[in-house]
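Read the structure below first, then the notes.
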Amino acid sequence: MTWKVNVTITPHTELVRHYAEDFTALQDAALARMNGMASPETAAALAHPSLAEPLAVALAHADVLARGDIRRAELSGVSAPHRLRRLREHARRVRRARSEADAVCKEQRARRVAGRRRPPLEPLELRVARAADPEAYGRALREVLIDHGSPAADVPAPDDDLALWAWQRGPAAAEPPAAVRELLECHDDAFVQVLLRDAREEENPHLAHDAVVERWGRHARTALAWGRYAIARAERQVLARPLTARRVQLDALDDAYQDAAILAARAREARHRIADLHDRIRDRAADGPLAELVARCRAAALLRLSADEPELWQRACRLATEHRADCDARADGCPRCHRTLAARLAEDVSAATSQDHDGDDGPEGLAPDYPDYKERYAILDDSPSRAAVAVADAAVGDESALCGYGWAAEDGTTGYGDSMASCSGEAEVIGICQAALSLLDRHPEAPVVVLCDSTEAVGAVNLALTNAGPAAARRTVLFPEGRELLERLVPHRHRLQIRWLKGHIGHDLNETADALAGLAVRRVTGRVAASAARRQEARILRSATSGRPPVLVAA
């Protein structure tokens with residue numbers, strides 16, 4: 001990784017340039033400064049503002065490596081306690097240094113934003129209408145952009161991305177190189193593979209191109225998740241071997257951590273490059289041809305909005321005119337008044353809609369009785385009769401993709417096990433699926449209700465069931481383990497209800513599921529011996545108070 005930096009001439013200019021061009025030297029210098037061993041010249045060079053972002057990237061890389069050293073030492077079984085203490089203390093110092101470097105980057109960015117020239121305010125009427133009905137404005141702007149040659153799918157958030165759109169399509173925009181076009185046109189899965197090759201084989205210089213960097217940032221987290229997946233597989237191979245025969249597997253684990261460290265650094269680099277791109281776009285959008293193109297598109301969108309939504313536009317104009325008469329900030333263009341006016345406009349529209357529908361809502365014009373979405377806690381009086389009910393929970397590991405799940409059912413059965421998950425939501429999906437499949441097998445004629453305290457997981461499973469396939473839950477479920485479970489669950493969707501339950505409120509089944517999930521993740525990561533795991537399992541099952549002796553179902 002190399003960085004282009006603008007270096008003001010100082011006594012340490014050459015050293016600053018050296019660190020910007022040599023990632024290893026920069027990281028070594030950062031760690032030396034962290035340990036109080038850097039020379040005055042090195043410390044002065046590292047304090048240069050141009051190295052703030054490269055330092056944050058280098059320390060993100062060092063952070064993953066430090067945690068990998070701890071894990072390798074834990075799994076080797078031969079490290080002395082004092083060595084583990086040293087490794088953990090080193091990791092804490094690296095994490096602290098990384099946080100400090102991130103804080104410096106945020107402070108620098110805040111200063112840049114504060115000093116940036118702002119584009120002129122748009123008309124108050126437009127700001128009011130857009131805030132009151134962003135969908136209507138979005139449709140109008142999207143149509144304008146299509147007229148300018150942009151496919152509808154290319155404008156996910158029209159107003160926010162308008163300057164970026166103009167940057168990429170303005171008259172001064174150059175045709176990107178063939179390698180960049182290939183990165184733009186390939187499928188998401190193929191792009192993630194590019195990021196993995198970038199970390200594992202050879203750095204791809206085209207990722208930093210202005211046309212690609214946004215996509216790089218969006219998919220960097222996915223690539224990092226696959227890095228954690230590789231760590232998890234390596235950990236399993238280590239734990240499958242006796243302590244005296246783990247050397248080869250520990251080397252493979254070290255390689256996986258090396259790749260994950262590069263992925264973490266590159267993800268951090270992508271964030272910095274995206275911020276730099278947005279800064280340059282905003283600077284250009286404040287003046288010159290780019291600003292003119294943005295202004296023309298917004299003006300055309302305004303005309304289209306006023307034609308498509310005349311009532312909305314007329315009300316916005318009336319409110320703006322009335323407001324300007326006595327606003328203390330009218331000389332500055334009422335910069336922050338549009339939000340309050342938009343709320344008033346929305347209230348006026350709602351009141352008018354209610355008047356238009358008087359008498360349609362039942363006796364005496366009362367509004368329909370909508371369900372009360374209060375917190376459910378453990379009250380399930382609306383569950384299907386004869387339903388088999390279980391609560392599922394999950395826990396994720398600290399470093400790898402290894403996760404544990406647990407579930408407990410009203411019929412007294414429980415289960416737990418381990419799998420791979422890219423995030424806590426995916427781990428909870430796995431727990432839901434395992435609980436549901438077990439109950440479906442044990443109660444072939446009854447409806448099945450599975451509760452979970454993760455709204456993300458409940459939403460993902462219900463989306464997969466509604467769409468009859470795991471592809472709909474792709475945002476949450478990344479790895480094959482979770483997708484395979486969803487595939488098995490879909491054929492039974494007519495018998496299933498997946499619902500949210502507020503967690504950690506003392507619900508017996510939820511507490512049991514949570515304890516089993518924690519035990520499962522400790523067991524799979526080797527942090528509890530087999531004999532100790534059996535004792536903890538027995539203790540959890542004894543504490544379960546479901547009204548009958550709990551039965552453990554094989555995971």
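What you see below is based on every heavy atom in this structure, not just the backbone, and it leaves out hydrogens, waters and symmetry mates.
- Shown here are the side-chain hydrogen bond (donor to acceptor under 3.5 Å, both in side chains) partners of D259, two or more places apart in sequence or in another chain: there are none.
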Applying side chain to side chain contact (heavy atoms under 4.5 Å, CB included) to D188 and R215, what does each step give before you reach the verdict?
CA-CA 9 Å; D188 284 351; R215 192 178 194 192; 2.7 Å; yes
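- Partners of E89 by side-chain contact (heavy atoms from CB on, under 4.5 Å), not counting sequence neighbours, listed by chain and number: R92, R93, R96.
- With sequence neighbours excluded, no residue forms a salt bridge (charged side-chain N to carboxylate O under 4.0 Å, His left out) with D28.
- You'll find the side chain of H209 reaches within 4.5 Å of the side chain of P177, heavy atoms only.
- A search for ring-ring contact (aromatic ring centres under 6.0 Å, His included) contacts involving F191 returns H219, not counting sequence neighbours.
- For R127, there are no salt bridge (charged side-chain N to carboxylate O under 4.0 Å, His left out) partners two or more places apart in sequence or in a different chain.
- Taking R236 as the reference, D418 meet the side-chain hydrogen bond (donor to acceptor under 3.5 Å, both in side chains) condition, with sequence neighbours excluded.
- Considering only residues two or more places apart in sequence or on other chains, A275 meets the side-chain contact (heavy atoms from CB on, under 4.5 Å) condition with R109.
- With sequence neighbours left out, R246 forms a side-chain hydrogen bond (donor to acceptor under 3.5 Å, both in side chains) with no residue at all.
- Rounding to the nearest 0.5 angstrom, the gap separating the CG atom in L196 from the CG atom in L224 is 10.0 Å.
- Salt-bridge formation is not detected for the pair E399/R71: no Lys NZ or Arg NE/NH1/NH2 atom is positioned less than 4.0 Å from an Asp or Glu carboxylate oxygen.
- By the 4.0 Å N-to-carboxylate-O rule, R17 lies too far from E21 to be salt-bridged with it.
- Residue E484 qualifies as open at atom CD: its count of foreign heavy atoms under 6.0 Å is 12 or below.
- Within the 4.5 Å cutoff, side-chain heavy atoms of L26 are placed close to those of L46.
- Take D147 and apply the side-chain hydrogen bond (donor to acceptor under 3.5 Å, both in side chains) test, not counting sequence neighbours, and it matches R304.
- Between H278 and E214, the side chains place a donor N or O and an acceptor N or O closer than 3.5 Å (distance only, hydrogens not considered).
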Evaluate L183 against W216 for side chain to side chain contact (heavy atoms under 4.5 Å, CB included), listing each step before the verdict.
CA-CA 9 Å; L183 289 174; W216 178 17; over 6 Å; no
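- Between H61 and F23, the ring center distance clears the sub-6.0 Å criterion.
- Shown here is E185, whose CD atom has more than 12 heavy atoms of other residues, nucleotides or ligands within 6.0 Å.
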Test side chain to side chain donor-acceptor pair (under 3.5 Å) applied to H272 and R268, step by step:
CA-CA 7 Å; H272 289 308; R268 195 71 177 82; 3.1 Å; yes
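- Residues V396 and C423 are not in side-chain contact: their nearest non-hydrogen atoms beyond the backbone lie 4.5 Å or more apart.
- For residues 457-483, the set of pairs meeting the salt bridge (Lys or Arg N to Asp or Glu O under 4.0 Å) definition, not counting sequence neighbours, comprises D189-R474.
- Checked against side-chain contact (heavy atoms from CB on, under 4.5 Å), A110 has no partners two or more places apart in sequence or in another chain.
- Qualifying side-chain contact (heavy atoms from CB on, under 4.5 Å) partners for A52, counting only residues two or more places apart in sequence or in other chains: V104, C105, Q108.
- A salt bridge links D276 with R280: the closest approach of a Lys/Arg side-chain nitrogen to an acidic carboxylate oxygen falls below 4.0 angstrom.
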